[in-house]
Structure formats: structure tokens, C-alpha cells
Amino acid sequence: MRRISKKIVFAMLILLTGMAAVYFYLKKDGGISTDSSAYTSGAQEALQNVEELIPKKLLKVGVVQVGHESDWRIASTKCCREVFCTENGYQLYFIDADNQPQAQIDAVRSFIREQVDYIVIAPILTTGWDAVLKEAYQVGIPVFLMDRTIDCDPKYYQAWFGSDFVREGECAGQWLQKYLHRKGRDFEQIRIVAINGTPGASAQLGRTEGFAKYVERNKNWVLLAQESGDFTEAGGNQVMERYLSEYTDIDVVLCQNDNEALGACRALDEAGISYGKAGGVIVISFDATSAGLEAVWKGRINADFECNPLAPFYVAGAIQRLASGGALTEKEYNLPEDCFTCEEELMILSFPDVTKKTIPVTREVLNQRVY
Ligand code: GYE
């Protein structure tokens, strides 16, 4: 008891000495009133400054990315790192799964062990998520999905932010239908080859499904082959080389991303076959990254259907809302996207619920792009 009271007296002495030192320091500095109200507001101000100096608790966010297979993915990772940075109040745990589905599951388990506050997943495949998401759910870590979708009970994630991939495929199909009509090719046989993305990724499944509706509708279109280029430039190049050795008179190559399209263009160049604006093979792509739109501008790609990689901004908005006690109103959020072409004429793409005007790519359009 005597020891405790000695401690208290000692602490009070230090406090009083400190206050006296501050008082004399302020007096010495001159111009500081000793009037009690001014002293109180000065103290409050000092307290506020001290509060600013105390580091705020950073939100721990674990993000597992698909890999680094394409320009689109690199833009998505860049956005992620910019959004979930320390200055914005986050401690980011970032794992690049290098296109390995099991590495994604392991990453989520490591985030759970790390007791992060939020988990953000950009899934490679739609399948295989149930067990690990249940684990995150049981320990109460909110999960957000971005980019591709997954097949699981929606209660295991807060919300998904990404593109309507079926709509992207439909846009490509409707654009091709209108473009061929404009060129007077409604009754000609149109021989199409497709270079798909990673099999089982929702971006691949959706784009394939959307475009297939137009293959079905246009009886003069023949889909000769569809193989995976794994969303990479090397994949697009190899698949196109194979197609060129197997098929003659290809009218259209539909590539499920810009990197595949650039690889396909290289194969066409090497084979001495004309394409794009120059005539010959019509090249269609998805993503509308800077490299893709540059190729549209140069007339190498005819049409490029945008896929927005800025989902991390939206996910961060949702995290902030949850962190401040708010709630989300939707489960699925689609990001805004456009259609770009190398031809100057505008084209209207219309669906029961949405109308899109194609955008001809100019230098100004390129300069305004952020990814
Ligand atoms: O189109 C491609 C990427 O899932 C939307 O994945 C994404 C796709 C994108 O690597 O470039």
C-alpha cells in the first residue's frame, strides 16, 4: 500500500514538473497569455496535434491476385497497390498467385492466420472456393470479390465488383453483325476462329457465352475452332500460328484479351496476311488497355471491348463503408465500360437494358486513358 502511494506521489510530481516546465517555456517564449481560457484552448490545440501524431490503426487487407499474365492484370495490380497503401490507411498483404488456383486458396488461408480485417479475392477459376470461404466466414473476416466471379453461396462474400462478361461477348457479337452488314457481307460465309482465355475463368465463360448467341443467330457464321491462349501474348501467338496452318480463308479472329490479340497480330504479320483496317482478317479483342487501344488506333485491331481494371477503388469504398458502420445495398456491382473501334463511323449497340455508342480511337482518346 505504502509502495503504491509512493508511486502515485512520484507520478504526480513528474506531471507537475512537466506542467511547470511547459508553463515557463511558454512564458519565456513571450506573447503567450497566462489568461486561463487562452491556456485551455492552447492545451486543446496541443492535444489535437498529439492525436494527429499517434498513428491510426491501419486496416489489414489481404489481396490475392490472379497473376501477371496480361496488361490488364498489371493495371489491376497497380490500382490495388495505389488504393490499399499506408497513406490511405491500409496495411496491404498482396499475393500474386501466378495463375495457380491452389496458391489462391493457400493465400486466403494465410490471410486468415494473419487475422487480416478484410480479404479481397480476384479469383482465377469459378470453382473450388466453398471450403476456404466458409473458414473466413466462421472467423468473421469479410470477403470481397473483384474481377471474375465464383460459384458459391453468396453469404460467404460481402460483394463482387467487376464486369458483365456475357454482355462484353454480346457487344462483340452485335458489333460484328452490324459491321458485316455495313460491308454488305450478310450472306457471305464468315469463317471465325476464337482464341479464348483461361478455361473455367468467368471472363472466358461469359465472353464465350455472349458471343455464341450471335454465332447462333447468324447462320452464315461458322465458328471453325476455339482454343485457349490463356490470356497471354505467347498463347495468342501460338494458337494463331496453329490456326493459320490448319485453316484457310479466316475472316475473323476473336481474341478474349488484348495480349492474345497482339500475339495473333504477330502471327498474321509473320504469315504475310493482311488484317484490321487494311482488310483481310477482322481482329476483335477485349480489355481496351493502352497497348490494345494503341493497336486499334493503328488499325491493327478492328474493335476492342473494354474491361475495367479499376475495381480496387470500388472495393476500398465498400470497405470504408463497412468500417464506418454502414452497409452495402447491392451484392453485385458492374463497372462502367465502353467499346472502341478503328473506324471513324459510330455504331450504336443496343440491348433491352442498355445502349452503347462505339468510340473511334484518336490520339486524344489515347491520351485520356488511365490504364
Ligand atoms: O480480360 C485478361 C486477364 O479476368 C477480366 O483476365 C479479367 C481478364 C482480362 O488477364 O486480360
Side-chain angles (χ1 to χ4, degrees), residues 63-80 96-101 103-104 120-129 144-151 160-172 194-211 226-237 239 253-265 283-296 301 303-315 332-340 369 371:
V63 177
V64 58
Q65 178 61 285
V66 166
H68 45 272
E69 71 286 359
S70 64
D71 284 35
W72 188 96
R73 188 65 55 197
I74 286 159
S76 156
T77 293
K78 183 168 174 272
C79 175
C80 204
D96 174 335
D98 197 18
N99 236 352
Q100 307 295 320
Q104 292 211 301
V120 182
I121 304 173
I124 299 167
L125 300 180
T126 52
T127 51
W129 290 101
F144 287 92
L145 302 176
M146 60 176 189
D147 171 19
R148 303 175 186 170
T149 54
I150 61 175
D151 296 331
W160 164 82
F161 297 82
S163 307
D164 184 339
F165 299 117
V166 176
R167 177 52 46 87
E168 288 177 359
E170 289 173 345
C171 282
I195 305 180
N196 288 350
T198 305
S202 75
Q204 177 269 314
L205 297 166
R207 288 169 187 167
T208 303
E209 181 188 327
F211 188 76
Q226 42 181 337
E227 281 182 35
S228 169
D230 230 1
F231 284 130
T232 65
E233 189 159 338
N237 181 257
V239 174
V253 55
L254 177 89
C255 307
Q256 285 191 352
N257 82 346
D258 283 343
N259 293 84
E260 290 180 341
L262 296 174
C265 289
V283 181
I284 300 176
S285 183
F286 295 88
D287 280 359
T289 55
S290 299
L293 289 191
E294 184 89 22
V296 175
I301 293 177
D304 203 348
F305 298 88
E306 186 179 25
C307 183
N308 190 330
L310 306 180
F313 277 117
Y314 298 83
V315 176
E332 300 194 337
Y333 294 86
N334 280 138
L335 274 45
E337 300 181 330
D338 284 311
C339 313
F340 297 90
R369 302 294 290 169
Y371 52 86

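If you read the sequence from its start, that first residue is 1, and numbering goes on from there. Whatever order the structure lists ligands and atoms in, that order sets their numbers, starting from 1.
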S.K.: If we check ring-ring contact (aromatic ring centres under 6.0 Å, His included) with Tyr333, which of these qualifies: Trp160, Phe144, Phe161?
M.R.: Phe161
S.K.: Counting from 1, what ligand 1 atoms have a heavy atom of Glu69 closer than 4.0 Å?
M.R.: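 Answer, ordered by atom number: 3 (C), 6 (O), 10 (O).
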S.K.: Do Met146 and Tyr314 touch side chain to side chain, with heavy atoms closer than 4.5 Å?
M.R.: no
S.K.: Heavy-atom distance to atom 7 (C) of ligand 1: which of Asp147, Asn308, Asn99, Ile74 wins?
M.R.: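 Checking each option, the heavy atom nearest atom 7 (C) of ligand 1 is found in Asp147.
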S.K.: Strictly below 4.0 Å, N to O, side chains only: are Glu306 and Arg369 in salt-bridge contact?
M.R.: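 Salt bridge: yes.
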S.K.: Has Ala201 got any heavy atom lying under 4.0 angstrom from an atom of ligand 1?
M.R.: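 False for this residue.
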S.K.: Answer side chain, backbone, both or neither: which part of Phe286 comes under 4.0 Å from ligand 1, heavy atoms only.
M.R.: neither
S.K.: Would you mind running through ligand 1 and noting each atom that sits below 4.0 Å from a heavy atom of Ser70?
M.R.: 2 (C), 3 (C), 10 (O), 11 (O)
S.K.: For a 4.5 angstrom cut-off between non-hydrogen side-chain atoms, does Asn308 reach Pro336?
M.R.: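 Side-chain contact under 4.5 Å: yes.
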S.K.: Considering only heavy atoms of Phe165, which atoms of ligand 1 have at least one such atom less than 4.0 Å away?
M.R.: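 Close to Phe165: 5 (C).
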S.K.: Can you confirm, on distance only, whether ligand 1 has an N/O atom lying under 3.5 Å from any N/O atom belonging to Arg207?
M.R.: yes
S.K.: As a check for students: among Asp287, Val66, Thr232, identify the option with a heavy atom nearest to atom 9 (C) of ligand 1.
M.R.: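 Minimum heavy-atom distance to atom 9 (C) of ligand 1 goes to Asp287.
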S.K.: Go through the steps for Asp230 and Arg73 under the test salt bridge (Lys or Arg N to Asp or Glu O under 4.0 Å), then give the verdict.
M.R.: CA-CA 13 Å; Asp230 230 1; Arg73 188 65 55 197; over 6 Å; no
S.K.: Should Cys307 and Trp72 count as side-chain neighbours, where that means a heavy-atom distance under 4.5 Å?
M.R.: yes
S.K.: Between Gln226 and Thr208, is there a side-chain donor-acceptor contact under 3.5 Å, judged purely by atom types and distance?
M.R.: no
S.K.: Give a yes/no on ligand 1: does His68 have at least one heavy atom closer than 4.0 angstrom to it?
M.R.: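 His68: no contact with ligand 1 (<4.0 Å).
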S.K.: Just distances here: any N/O of Gln256 and N/O of ligand 1 closer than 3.5 Å?
M.R.: no
S.K.: Given 3.5 Å as the limit, does a donor-acceptor pair link the side chain of Glu260 with the main chain of Ser285, or not?
M.R.: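 Not confirmed, Glu260 side chain does not pair with Ser285 backbone.
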S.K.: Which ligand 1 atoms are under 4.0 Å away from a heavy-atom of Cys307?
M.R.: 5 (C)
